[in-house]
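These numbers come from a predicted model, not from an experiment. The sequence lines fix the lettering, A, B, ..., with proteins before strands; numbering per chain opens at 1.
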Amino acid sequence: MTDKPKEQPEKISDNPNELPKTYEAKLVEKKWYEEWRKRGYFKASVKKGKKPYTIVIPPPNVTGILHMGHALNNTLQDILIRYKRMSGFETLWMPGTDHAGIATQNVVEKSLREEGTNRHQLGREKFLERVWKWREKHGNTIIKQLQRLGASCDWERTRFTMDEGLSKAVREVFVRLYEKGLIYRGEYIINWCPRCQTALSDEEAQHKELNGHLYYIKYQIENTDQHVTIATTRPETLLGDTAIGFNPKDERYQHLIGKTAILPLLNRRLRIIQDEDIDPKFGTGALKITPAHDPVDFLLAKKHSLEILNIMNPDATLNDAAGIYKGLDRFEARRKIIAELEDRRLLLETKEHMHAVGHCYRCQTVVEPYLSKQWFVRMKPLAKPAIAAVTEGRTEFRPARWSKVYLEWMNNIKDWCISRQIWWGHQIPVWYCQPCRAAGVVTSNKEKKVYSEPGMIVSRETPKECPVCKKNDLLQDPDVLDTWFSSWLWPFSTLGWPEKNKDLEFFYPTACLVTGYEIIFFWVARMMMSGIEFMGKEPFKQVYIHGIVRDEHGAKMSKSLGNVVDPIGIIDEYGADALRFAIISITSEGQDVYASKEKFEVGRNFANKIWNAARFLLMNRTNDKKSKAPKIDDISDIDRWILSRLNHTIQSVTDSLEKSRFNEAVSTLYDFFWHQFCDWYVELAKPSIKTKETQWVLETVLENTLKLLHPFMPFITEEIWQKMPHVGDSIMISAWPKCNKKLLNPKIEEEVGLIISEIQAIRNIRSAWQINPKDLVSVAIKISRDKEMKILKDYSSHIVQMAKISSLTIGKQVTRPKESAVANVGRVETYVVLSGLVDIAMERQRIELALADVEKMMKALAGRLSNQDFVSKAPKDIVDKERKKGEELENRKKRLEENLKTLGE
RNA sequence: GGGCAAUUAGCUCAGUUGGUUAGAGCGUUUCCUUGACAUGGAAAAGGUCACAGGUUCGAGUCCUGUAUUGCCCACCA
C-alpha cells in the first residue's frame, strides 16, 4: 500500500510478462488521472476548425458528498465527453459547485448549535465568514470524489455559484429583469418554512399525502340560535378567521345573507360572504376564511375587501392576535383548540381525511402558508419562448415523455418567489435610501413603468449615494436570492457572461444536459428560460433525463435508512471502472436504478476478465512493436470471423452511443469481449498464437475493444493500452474506431456459427454422460451436403481441440458407431462414442425429448404455413424462411426417428 | 382529481419501426484447481411475457379496459 508505483507509463516495457497478476485499480487510477491532468487532456479551448461539444455539469452542492446518483449522472456525462473527444470534437465539460443556500446555511448553523451559539449572536458578517471558511475546508470534497470517478472535466475552469463572475451575472440578470418589469416585490401568501424561517418557492414545498383529520366546527349566527357548521383541516387557523362564506348557488345557506357569524372561542364578529369559487360539495359547503393563512382565502379577502389578520410568528408560534393562545406552537394550539371546542360542544365531528401537505425540501418541516412581502419573477413572458423551443424541436428531451412534464409545468407556470430570509447567498441588489423612504420619495425608475417603492434603488453596483437626495444613508435589502436564481444561469454564466468572449461564442449552446427528473422544474426549465432570454438561444440541444438511484427494494437511498451503497466504497474495493461499468449496465433509458453492492461485482469481474485476457495476450507476444497488418488472404477464417464480429461491435456500440443507449453499448461490449473474443476466438487461436497473423488479429481486436470500452472504463483501458505496442500518447486521445464494412462477413459468421454449435453439441453430450473433461472421446460426424463437409473438414482441428476428441471421422457414409450418443446440429449428425457408458434408456429419453421438441415446433410451423392468409399476406422472405425452417425440422425429425430405431444396435 | 411509469426465468432487469425456438447477470444443479482468468471454465434446469378483450397472416412488442405497485403534479378548505 505504501510503496508508490515507479513505472513510467509512457514507456513500453520490454518484459513480455509485464502485467501484474491482479489488476491494482487504486494505483492505476491515481497514476493515470494525475497523468491525464498533467498532460492537459481535459482542457478545452476555442479551436477553429473543430466542432465544439459542451456539457455543463449539474453543479453538486458544496455540502454534497458523492452518492450513487452523482456516480450515475457523472459517469453518463464522462462517457459522452470521452466518446466525443475520441471522435474529434473539442470537448468541454464544465465543472463547478452550487452554494446551496439553505442547505449550506443549515449545515453551518448546526455546528453553531453544537457550540451553543447561533447565527444571530454571531451577526451576519461573522456568520458569513464562518460559512466561507466551511466552504474552504469542505467544499472541495465532492470535486475530489468526482475525480476519483474519472471525470474528465476541465477542472481549471471550475466555477462556484458565488464566485465573483457568477455573482456579477446574478446582479446583471436581476437588474435586467427588474428593468423589464419582470421582477416585483409584493405581499402574498407564500410557502414558509418555520424551521428555516424563510420563504420557499412552490417547487421547494414538496407535497406529501398525509392522513389528517377534517374537523366539523359550529359557528353561531349572531342574534339567533342558528349556527353553521364548517369543516377544516387546520382548526387553529380559526383564530385568524375574518369571514365565512358559501357558494351563492348553495340553497342551504341563503338564510345567512346579511347576517353575521360569531367566531368560536374568541367571539369575534365575522362577515358572511358569497363567492363562486367556494365549492359547495366540500365538507358542509360553508368555508371559514382565514386570509393571512390560506392562499384561497387570501384571494377571497382581496376580492371582498376583508380584514387580513396574521396570527403567527415566523417560527409558527401564535402571536398577539391569537389572544390567550399567544406563544403556543401551531400544533400545540391545534390540540388545545380542539379540546376546547369539544368542551363547548362546538366540535360536531372529526373525520379521517387524506390530504397533501407541503414540506420544506431542505428540512422536511411542514410548511405554513404565510403572508409576507417577497420578491417575485413574473414567469409567463419568459416561459413562452421556452415552450416554443421544445414544441418546435430545438431542444429535445430524452426520453421524449419528459417534454410533456416540462410543457405541463411551463404552461401552468406561476410567479417565482426568489427572496429568502437567510444570509448565505447573493444578497438582493436593492438598496433603500432611508431618508427618501421615510419621506415617501420615489428614487428610481419613475419613467419606466416598473415596480418601485419610495427610496428603492436597484443597481448592478453597490450605490454610493441616493440619486435623489445624494445622501449615503442606504440600507441593502437583507434578503438573499433563491439558490436556483444563480443556477439557472449556469450554461452561460460559467463561460464568462455578461462579458462577451470567444468561449461563449464557441462553446454555447451546450450539446446535452444530463440530469435526473427531480430537477426538471427547479433547474432545467429555468435554464431554458434564462438561456433564451439572455443568450437568445436555447442552452442545450438535448436534455437526457436519467432515473433515480434507489436501493434494491426501490427505496430512495438515505443515510437515515442505512441503505446507502457508497460509490467511494465501491471504488476503493472494486475500482472506478467496475463502478462505472456496473452502474451503466443496470441503467436502462429513463428507468430508476436499483443498486446493491452485489450488482457492482459484475463490474469487478468484467474488469478482471479484461485484465487477464490482456495479460495472456501480452505474455504470448512475439514482438515489442506494433504488428504489421498481414495480407487479408493470409489470415484464417477464424480470424476473419472475429474481425467481422469486431466491426459489427464497433458499428453497434457507436450506434448505441449516438442514441444515448448506454446500457445497450455496455452489454454489447461485454458480450463481445467475454463471450465471443475470450470464450471462442482466443481459445480457437491458442494453437496458432505465435504466428504473425494471429498476433496481429489479437492485438487489433484487443486495441479496438479497449478503445470502445474507454469511455466506460477509462483507467483499465489506458493501463493495458499503454502496455501494448501502440502508436500515440494515450488511448484517451486516440481516434474512435470506425467500422470497416469490408470486414463484415456474414458467410464466415454462419460457418463459424456451425462450428461453435457443433462443439457445443459434443460438449453437451460429454456433460450429459458425465465424461471427465480430461478424457478424450471418439466422434463420428455424418454430413449430407458438400457445404458442411468443407466447413467441418477445414475446422476439424479446432473441433478436436475444443471438444477434446481422440479421433474424428467426417463423411457422408458415416454410420452410427456402436455404443454412441447422438446430437443434431442443422443437417449434421454427430455421434459421440461412449464405450461402456451407454445407457440405452437414458439415450432414448434424450432423443425422445429432442423429438418432442421438434414436433412441437413443426406443429406450430405447419399451422402457419397452412394458413392461406399468412402465405399470401406475409412478406415473401418471411414465408420462405419459414418454409426452409420446415424442411430443416422435417429432416431433423427423420434423423431422430432413425436414431431411435437403431438405438442399441 | 389529473398525469406518467412499471408488471417478462427463484431474484434484479434487457428486449424501439410487430416476424427464427423470448435474452442477460445473479442464484440453483452437475462436472472441472487443464499454464490468462475460481473475480474462472464447460454443461444444464428454469418463462401460459399481470389479467381480459381487440387490431393483424402474425402481438412480450400496437389499441382499449381492469388489477396491483411506484412516482409526479394539483388552492376541495
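Contact annotation: A:K686 reaches the phosphate of B:A36 (side-chain N/O to OP1 or OP2, under 4.0 Å). The phosphate of B:C75 (OP1 or OP2) has a side-chain N or O of A:K414 nearer than 4.0 angstrom. Residue A:H293 has no polar side-chain atom (N or O) positioned under 4.0 Å from OP1 or OP2 of B:C75. Regarding contacts with the backbone of B:A36, every side-chain N or O of A:K21 stays at 4.0 angstrom or more from both OP1 and OP2. One finds no side-chain N or O of A:K599 lying less than 4.0 angstrom from the OP1 or OP2 phosphate oxygen of B:G25.
Residue A:E601 is classed as having no contact, given no heavy-atom separation below 4.0 Å to the nucleic acid. Within 4.0 Å of A:E683, counting heavy atoms only, lies at least one base atom of the nucleic acid. Nucleic acid contact class of A:A356 (heavy atoms, under 4.0 Å, all strands): base.
Taking every side-chain heavy atom of A:K404 into account, B:C4 is the closest of B:C37, B:C4, B:C75. Nearest to the side chain of A:I278, among B:A36, B:A77, B:U30, sits B:A77. When distances are taken from the side chain of A:Q591 to each of B:G41, B:A42, B:A6, the shortest belongs to B:A6. The side chain of A:D279 has B:A77 as its nearest neighbour among B:A77, B:A5, B:A36. Comparing B:U39, B:A36, B:C31 by their closest approach to the side chain of A:R604 singles out B:U39.
Whole-Å rounding puts the A:R846 CZ to B:A44 C1' distance at 12 Å. Atoms CG (A:N605) and P (B:A36) sit 19 Å apart, rounded to a whole Å.
A donor-acceptor pair under 3.5 Å is formed between the side chain of A:R766 and the backbone N or O of A:K804.
A distance of about 29 Å separates the C1' atoms of B:A6 and B:A45, rounded to the whole Å. Comparing the P positions of B:A50 and B:G60 gives an interatomic distance of 10 Å, to the nearest angstrom.
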Please produce a list of atom pairs where a protein N or O lies less than 3.5 Å from an N or O of nucleotides 56-58 of chain B.
| unit_1 | atom_1 | unit_2 | atom_2 | d |
| --- | --- | --- | --- | --- |
| B:C57 | OP1 | A:K873 | NZ | 2.5 |
| B:C57 | O4' | A:D869 | O | 3.4 |
| B:C57 | O2' | A:N867 | ND2 | 3.1 |

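Under the 4.0 Å criterion applied to side-chain N and carboxylate O atoms, A:K659 and A:D655 are not assigned as salt-bridge partners. At a threshold of 4.0 Å, the pair A:R234-A:E368 counts as salt-bridged, since one of the basic side-chain nitrogens sits closer than that to a carboxylate oxygen.
For the ring-ring contact (aromatic ring centres under 6.0 Å, His included) test with A:F397, the passing option among A:Y517, A:Y544, A:Y406 is A:Y406; the others fail.
Between A:D853 and A:K609, the residue anchored closer to the 5' end of RNA chain B is A:D853, taking for each the nucleotide with the nearest heavy atom.
A:Y670 and A:H675 have perpendicular rings, their planes meeting at more than 60° on a 0 to 90° scale where under 30° would count as parallel.
Within the shown strands, B:G54 is the pairing partner of B:C62 under the Watson-Crick or G-U definition, both distances less than 3.5 Å.
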